[in-house]
Amino acid sequence: VEVAPGTDVELTVFAEVPPGAGTIVGVKWDLHGSGNYEVSSDVDGTQSSVKLSISHAFERSGVHFPTALVESHREGDVTATSRRIPNLASARVVVR
């Protein structure tokens, strides 16, 4: 997408876990390509698929790659610190 600085962009992630492989226990967003996932979306660990959206305005001109990190867990344990299976998806946003 191409937008002007300060324009809200809606970012959507759709994630699905294969049958019998657990549920989604975490969704975090790195909006600035820094490697820091500073925004979290609420999930309760009971769903095998989610579709979540957030809005964000990019203030600086340039090419941005906001990324969603989705984690699943075989037992659906949202408090688990190990055995989380990560998956990433990025979008390209051009701000002019």
Side-chain angles (χ1 to χ4, degrees):
V1 68
E2 289 190 27
V3 297
T7 303
D8 279 342
V9 175
E10 184 175 359
L11 303 167
T12 301
V13 63
F14 175 73
E16 188 172 37
V17 178
T23 60
I24 295 171
V25 296
V27 177
K28 297 184 266 185
W29 303 83
D30 174 6
L31 299 172
H32 304 287
S34 65
N36 296 318
Y37 293 86
E38 63 272 2
V39 178
S40 295
S41 293
D42 289 330
V43 295
D44 63 10
T46 63
Q47 302 298 314
S48 61
S49 68
V50 295
K51 182 178 179 182
L52 299 166
S53 298
I54 63 169
S55 289
H56 181 71
F58 296 89
E59 302 299 330
R60 289 188 350 254
S61 294
V63 179
H64 303 271
F65 291 94
T67 302
L69 168 62
V70 178
E71 295 175 304
S72 65
H73 189 271
R74 186 158 304 273
E75 284 89 36
D77 184 356
V78 295
T79 63
T81 57
S82 62
R83 299 184 310 141
R84 286 177 170 247
I85 308 297
N87 198 344
L88 298 172
S90 295
R92 182 175 178 256
V93 179
V94 178
V95 181
R96 297 182 195 253

Can you name the nearest heavy-atom pair linking Ser61 to Pro5, along with the distance?
OG-CG, 3.9 Å
Leu11 side, atom CG; Ser53 side, atom OG - distance, nearest 0.5 Å:
8.0 Å
Can I get a per-line list of side-chain donor-acceptor pairs under 3.5 Å for residues 31-43, giving both atom names and the distance, sequence neighbours left out?
from, atom 1, to, atom 2, distance (Å)
Ser34, OG, Asn36, N, 3.2
Glu38, OE2, Leu31, N, 3.2
Ser41, OG, Trp29, NE1, 2.9

Given 3.5 Å as the limit, does a donor-acceptor pair link the side chain of Arg74 with the main chain of Gly20, or not?
yes
Applying salt bridge (charged side-chain N to carboxylate O under 4.0 Å, His left out) to Glu75 and not counting sequence neighbours gives Arg83
What's the separation between atom OG in Ser82 and atom NE2 in His73, rounded to the nearest 0.5 Å?
6.0 Å
Applying a strict under-4.5 Å side-chain criterion to I, L, V, M, F, W and Y, I'd like to know whether Val1 and Val95 cluster together.
yes
Not counting sequence neighbours, which residues clear salt bridge (charged side-chain N to carboxylate O under 4.0 Å, His left out) with Glu59? List them please.
none
Exercise answer: donor-acceptor pairs, residues 62-70 side-chain atoms, under 3.5 Å, sequence neighbours excluded:
from, atom 1, to, atom 2, distance (Å)
His64, NE2, Arg60, O, 2.9
Thr67, OG1, Phe65, O, 3.2
Thr67, OG1, Ser90, OG, 2.8

With a cutoff of under 4.5 Å between side-chain heavy atoms, which Ile, Leu, Val, Met, Phe, Trp and Tyr residues group with Val78?
Val25
Between Pro86 and Glu71, which heavy-atom pair has the shortest distance, and what is it?
CA-CG, 4.2 Å
Going by the rule side chain to side chain contact (heavy atoms under 4.5 Å, CB included), which residues pair with Asn87 if we only count those two or more places apart in sequence or in a different chain?
none
